[in-house]
Amino acid sequence: HKEPPPGAEAYIPQRFPDNRIVSSKYTFWNFIPKNLFEQFRRIANFYFLGIFLVQLIIDTPTSPVTSGLPLFFVITVTAIKQGYEDWLRHKADCSLNECPADVVQRGKVVRTQSHKLRVGDIVMVREDETFPCDLILLSSSRPDGTCYVTTTSLDGESSHKTYYAVPDTMAFRTEREVDSLHATIECEQPQPDLYKFVGRISIYRGREEPVARPLGAENLLLRGATLKNTQHIYGTVAVYTGMETKMALNYQSKSQKRSAVEKSMNAFLIVYLCILISKAVINTVLKYAWQWSPDRDEPWYNHRTENERQRHVVIRALTDFLAFMVLFNYIIPVSMYVTVEMQKFLGSYFITWDEEMFDEELGEGAQVNTSDLNEELGQVEYVFTDKTGTLTENNMEFIECCVDGNVYIPHAICNGQILSAASSIDMIDSSPGGYRREHEDLFFRALCLCHTVQVKEEVTVDGIKRGLHQGRPTSFYISSSPDEVALVEGMKRLGYTYLRLKDNYMEILNKDDEIERFELLHVLNFDSVRRRMSVIVKSSSGEYLLFCKGADSSIFPRVVSGKVEQVKARVEQNAVEGLRTLCVAYRRLLESEYEEACHHLSEAKLALQDREHRLAQAYDIIERDFVLLGATAVEDRLQEKAADTIESLHKAGMKVWVLTGDKMETAAATCYASKLFRRSTQILELTKKRTEEQSLHDVLFELNRTVLRQCSISGLSIDCLDFGLIIDGATLSAVLKPNQDGTGHSNYREIFLEICRNCSAVLCCRMAPLQKAQIVKLIKASKEHPITLAIGDGANDVSMILEAHVGIGIMGKEGRQAARNSDYAIPKFKHLKKMLLVHGHYYYIRIAELVQYFFYKNVCFIFPQFLYQFFCGFSQQPLYDTAYLTLYNISFTSLPILLYSLVEQHVTVETLKREPVLYRDIAKNSLLRWPVFLYWTCLGVLDAVIFFFGAYFLFDNTTFTSNGQMFGNWTFGTLVFTVLVFTVTLKLALDTHHWTWINHFVIWGSLLFYVIFSLLWGGIIWPFLNYQRMYYVFMQMLSSGPAWLSIILLIMISLLPDVVKKVLCRAMCPTATERAQVRHWHQLRNETEALYCLVPNFRMFFIVTYDNVNKLLC
Amino acid sequence: MMASSYNAKDEDGNITVSGPGGGALRSKKPENTAFKQQRLPAWQPILTAGTVLPAFFGIGLFFIPIGIGLYVTSNNIKELEIDYTGSDMSSPCFNCSQSFSWNSTKPCTCTIPFHLDQPYDSNVFMYYGLSNFYQNHRRYVKSRDDSQLNGDSGSLMKPSKECEPYAYFEKKPIAPCGAIANSMFNDTLELFYNNPNGTKVKIPLTSTGIAWWTDKHVKFRNPGGSNPNFTAVFQGTAKPVNWRRPVYELDSDPENNGFINEDFIVWMRTAALPTFRKLYRIIQKKDDLLPTLPRGSYTLEVVYNYPVRSFEGRKRMILSTISWMGGKNPFLGIAYITVGSVCFFLGVILLIIHHKYGNRSNSADISS
């Protein structure tokens, strides 16, 4: 089947891959080089590798082990993790590739392994089997040539989708017949879009001219999908195999988003790199200045080797510079990257573990697709939310319909029994006339016919009839759009029941219990650009009818007659109430018109290129000259706690924008209901209606003036009157459109942004999916570079989710596309509150402290070494022993901060939820701004100075043992190091607000570990070391009283400034968070006071004495 | 003391869920454990003016007495320092310092008289001090071979590369190798008490107990184990270039000779700073009634071997008594007193602040 018969068009032979899926990155033999290469592509790893190499090459103060070991550790851990993941992928690939597949060969079904399939093979798939590759459906066991498929594993949509066999091969029933097929398939190059496929099949029958048939996405069965409700099908592996299947193409990961914290971290790193280099330069320069006199350079007691002497001075200076770099390189710690990554990875589990974000209905909790953005959740300034399915339930309920201005309201179903047709229609205006009667009939039929709803039968094909006839809910409707289901169900309640689609005939049970059959000729599918769909049917009387339903804006311009005014009024009224409205229109087609339409459609469908565009053109030609029938209204209820969530987000200082495709009135009503707009909100409108009256320019300037004036007046008072802006898609594109003269366009943009900045809520209606992304991009690029978050549930939100800094998907009814493309997925909109206000807040303060603390502790660590150079003749003598240098970041100080950054809660979860205002405290990356960074660095420098000079004065020309013996340089270093480890750990202890047993364990544990390690390290002559410099140094130090006293003193002095600063800040200008902490503490103290009364204890005593002191002072 | 409130959150057991389709749900539903729900019971201290106040007063009350104690102790320590570098003309050692040469065989001796105003009662420790001597220079610090010093016979004959350029002399390995050993301090200091009757009494100096016990007994060991014949053991090695005698002739006592000579061990512990002192001798208190060093005039006799003029160094001899906290060092006492007072002072300030702002913010909180 692969070779085209002679005479076919130019055919470029292509190499088709086999059907092997390879998701693994490495093979056994390329793992080490490839993985190493990938790891060293990261700047940090490369930097450390550089340092390591320098240490190997030149004579440096510290042995290569000190940086080699941590680097090796980091690289190994990462490699093991990636290797394990890859091994899992290998296993998964293997089981996929070896799963059995049935191939038709020489008229027989042969069982083979999936990876042996080749392009052109004919495959048989049985019910509940997964398709082994992308197939074109040739024939199905169902007589109508359809098959049902779920694509749960591909896009998460669990509904059954119908796929159609190629009409010419539909009749094939046996293997032999299928095998006799002689055809070629042309198709486009593989591309990842799951819902797009364009191809053509040419079937050769003997000598006749080949018959060409179009192939679309409805013929293509995707690998990974599962066959349902169909006994078996035959399909050719016509299209894509192995890595070219759409599933495999979708493996490709999305572009990486980087959080603001990461950006600040990199900025800090650069600063530290500069500090490092300048330190090294300063020391090198000073060294050569100091060494000017040869007696200093080479005093008699300390000669160079001959080799060194002969080296050129430039080389020596360079070596010295590098040696200083190596000595100070710990200021940029390897472990920071590891810790940050571990924190993010492990921390993200708290989101998935969160019980409150678990939805019982869906049976699913929150999902984390990337852990890189955890802290970004605490930085959100703009929230862009979709309306349908996000703010609202997307649980549609048919409310009413109106035919020519007459309103019909169906009654509720009672116990599954439909009330009799006559009583169920409540006519407001009852003056039946022939004309009206006809429209009414057409209207109901239109709604029953114009849809893509399928009837899902519970048991068998026969069950359907019985089920529907007896009104038992054994069958139900399935559709990708809940609106349609609501409409069809609404019709059912009004007496017109859609039964099924059988052999291209749609069957309707009308009010009089008669079955009407319409031949379905064409379906002009819905798309979000046209915003309407149509069907062409042939009634039993032979009439050709075109029914169309769609948004009012897309129907009204195409209507030629009908009671437009009445319907329009009703539609608008419904929209104000927050209902979703659709208009229904029809057109009678003459035979010739129908032929013409058919021609247009088939031509467009056959086109290989530009099919979309040509189809749209064809639709445009066909869908015109309508007669308006009426309108429907469907209610979409607000999601549970949507209003509360929006209110909290507002209080937290976030600006909430609703982006929707709905019409303005509906959307505005939802906004009021969800408290996005309050009664006090002054609404600014920037809509097409207004810009038609005035020029866009004038409107923009006027609004801007209003906003500015208002803000300058009430700028002093706290609650500045808030504004809400409503803008529609058309105006938006006008605002964003570059002007002809080239000067004005940025101007409009700026004014628009200025207005938006002053509005607390913005509603963008009539948005195309791409426009949503455009808006996000616009805000992202505005001059404050705010952090944006987009949340949505449907495929139309994907572009916006991908564009925003943080994309959140809702696992909604419209499939899983949004959830799959998002960074985080949550079951309901209300979970956004906890996600941002609690998790985001925690992650942010945790990572901020983590980053700042890491820099702080390494300044404390390295700065004494820098100072020491001034006292050792700039000779790069390290202050600390090699083991200390190596282990400081790896084991002495790593765990407390890691655990802190996992479990810290500066205020309780309840407080955070109750007081969204606290979110403002961390807005704009407030904990990682330059002043804060400077404070931490200065604190680090100050502490380092205290450690160093404390030890210096203690050692200054005197002994501090009671036996008169002296200590050497290693004792000096050990003293500094001991103070350092304790200070740095206790500093973290002071910052910890949430002492769980874990914190106690790691903080006291790592101090204990340091002591035990030092005792051990100094307690033995280590046979594998060529120096024994640390032998008994630590013990000797501890045996001296003044050493203890000075350790305690130095720790106190180092911690004092920070404590004082904290206390003063808290007392003088407490932040909201600090106030909340105090409140919480008071509350708890009051609660426990009763206990203290019963059990008098130390603390009670303390409180009492303390209160007495207070009284005395008063 | 920090403000603390023990927040025992609900630790009730797992809430069993039996929703629709229970079995399937259970697997996906997150576990309701305190850890996973971030509800571990925790102690939540906060640092407020009110809560750190007691700590500040406490530190103040605790530190000031310690500081005073330390200061008084330090002041009671008697210390005498004599610079005998001989860099200026008036100094008795001027000649020796000028005429120094490595090759001279005749030792140069100088005598410095001094006077003790107060008697030294307890054991007196005699130090030598060097200034501007970079024992902590990297090239210097690493220029040693610890396994050679630990008695390893392999390293004895093949010293480590780190010892370069002091590893071999005329193709023979140097024992002990390295710059540190090579530059060992070799002045001889002797003390004489000038009796009022005119006689000079030599004061007995103990040369043991000046090095760390562990250094002498574990870290440093002579090669060849307990072989008392050092000449044989060190056969084939060269003495350090600047030394006048080989290492096995440092002392006559076999327990204080070779690598375990205490003067040598003391020197091998490199000092932290360029100005340092090292313990030289101990003057043991013999008699409970008489002071170790009575008031009066003394003479310090120096065999001037060690050149420091080339690098502008200074040499000192220090006599000091020792308390439990070591030698004279007012720093610790002063620091303790300062920190204690600062804490106390801060405590007072915080108390004022607490009264001014604390009440206000509390009332504001309540009203809000």
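Remember, predicted model here, so these are calculated numbers, not experimental data. Every chain is numbered from 1, with letters handed out A, B, ... down the list of sequences.
Residue Gln1028(A) touches chain B through both its backbone and its side chain, counting heavy-atom pairs closer than 4.5 Å. For Ser323(B), the part sitting under 4.5 Å from any heavy atom of chain A is the backbone (N, CA, C, O) and nothing else. Interface residue Tyr306(B): only side-chain heavy atoms are found under 4.5 Å from chain A. Only the side chain of Tyr842(A) comes within contact range of chain B, with at least one heavy atom under 4.5 Å from a heavy atom of that chain. Both the backbone and the side chain of Val1033(A) come within contact range of chain B, with heavy atoms under 4.5 Å apart. No part of Ile180(B) comes within reach of chain A, as not one of its non-hydrogen atoms sits under 4.5 angstrom from that chain. Only the side chain of Phe125(B) comes within less than 4.5 Å of a heavy atom in chain A; its backbone stays farther off. If you measure heavy-atom distances from Ile1021(A) to chain B, the contacts under 4.5 Å come from the side chain alone. Heavy atoms closer than 4.5 Å to chain A are found in the side chain of Ile59(B), but not in its backbone. Contact annotation for Asn123(B): neither backbone nor side-chain heavy atoms come within less than 4.5 Å of a heavy atom of chain A. Looking at Ile1053(A), only its side chain comes within 4.5 Å of chain B, counting heavy atoms on both sides. Proximity to chain A involves both the backbone and the side chain of Ala335(B), based on heavy atoms less than 4.5 angstrom apart. For chain A, the nearby part of Ile66(B) is the side chain; its heavy atoms alone come within less than 4.5 Å. Of the two parts of Asn307(A), neither the backbone nor the side chain holds a non-hydrogen atom closer than 4.5 Å to a non-hydrogen atom of chain B. The part of Phe63(B) that comes within reach of chain A is its side chain, from C-beta onward, which places non-hydrogen atoms under 4.5 angstrom from that chain. Interface remark: Leu1064(A) contributes side-chain atoms only to the contact with chain B (heavy atom separation under 4.5 Å). For Ala211(B), the part sitting under 4.5 Å from any heavy atom of chain A is the backbone (N, CA, C, O) and nothing else. With a threshold of 4.5 angstrom between heavy atoms, Ile210(B) approaches chain A through N, CA, C or O but not through any side-chain atom. For Thr992(A), the part lying near chain B is the backbone, with the side chain staying farther off; criterion is any non-hydrogen pair under 4.5 Å. Only the side chain of Tyr868(A) comes within less than 4.5 Å of a heavy atom of chain B; its backbone N, CA, C and O stay farther away. For Leu350(B), the part sitting under 4.5 Å from any heavy atom of chain A is the side chain, from C-beta outward, and nothing else. Heavy atoms of Ser143(B) lying under 4.5 Å from chain A are absent altogether. Heavy-atom distances place the side chain of Arg316(B), and not its backbone, under 4.5 Å from chain A.
Counted within 6.0 Å of CD on Gln1083(A), heavy atoms from surrounding residues, nucleotides or ligands total more than 12; the atom is thus considered enclosed. Phe870(A) CZ: more than 12 foreign heavy atoms inside a 6.0 Å radius.
Note on Lys29(B) versus Glu360(A): salt bridge recorded, some NZ/NE/NH1/NH2 to OD/OE distance being below 4.0 Å.
Taking the six-membered ring where the residue is Trp, the centroids of Tyr301(A) and Phe133(B) are separated by under 6.0 Å. In this structure, Phe967(A) has its ring center under 6.0 Å from that of Trp212(B). Ring pair Phe955(A)/Phe276(B): centre-to-centre distance not below 6.0 Å.
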Working for side chain to side chain contact (heavy atoms under 4.5 Å, CB included), residues Gln38(B) and Val903(A): CA-CA 7 Å; Gln38(B) 309 198 55; Val903(A) 304; over 6 Å; no
Derivation and outcome, side chain to side chain contact (heavy atoms under 4.5 Å, CB included), residues Leu279(B) and Thr959(A): CA-CA 9 Å; Leu279(B) 187 55; Thr959(A) 176; over 6 Å; no
Test log, rule side chain to side chain contact (heavy atoms under 4.5 Å, CB included), inputs Glu306(A) and Glu164(B): CA-CA 9 Å; Glu306(A) 270 313 304; Glu164(B) 293 286 350; over 6 Å; no
Leu1056(A) and Phe56(B): CA distance, side-chain angles, deciding distance, side chain to side chain contact (heavy atoms under 4.5 Å, CB included) verdict: CA-CA 10 Å; Leu1056(A) 200 60; Phe56(B) 273 41; 3.8 Å; yes
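Side chain of Arg296(A) to main chain of Phe311(B): no donor-acceptor pair is present (N/O by atom type, distance under 3.5 Å, no hydrogens or angles). Between the side chain of Arg1066(A) and the main chain of Leu47(B), a donor-acceptor pair closer than 3.5 Å is present. Although no hydrogens or angles enter the test, the distance criterion places a donor-acceptor pair under 3.5 Å between the side chain of Thr958(A) and the main chain of Lys328(B). Of the possible polar contacts, one joining the Arg138(B) side chain to the Ser875(A) backbone as a donor-acceptor pair under 3.5 Å is found. The closest donor-acceptor contact from the side chain of Asn136(B) to the backbone of Phe871(A) lies under 3.5 Å.
In terms of non-hydrogen atom pairs under 4.5 Å with chain B, the most contact-rich of Leu1049(A), Thr305(A), Leu879(A), Ile1048(A) is Leu1049(A). Between chain B and the options Leu954(A), Leu1045(A), Asp354(A), heavy-atom pairs under 4.5 Å are most frequent for Leu1045(A). Here Trp300(A) is the residue among Tyr1031(A), Trp300(A), Tyr1032(A), Phe953(A) with the most heavy-atom pairs under 4.5 Å with chain B.
Residues meeting the disulfide (SG to SG under 2.5 Å) test with Cys163(B), sequence neighbours left out: Cys177(B).
With rounding to the nearest 0.5 angstrom, the CE atom of Met1052(A) is 8.0 Å from the OH atom of Tyr336(B).
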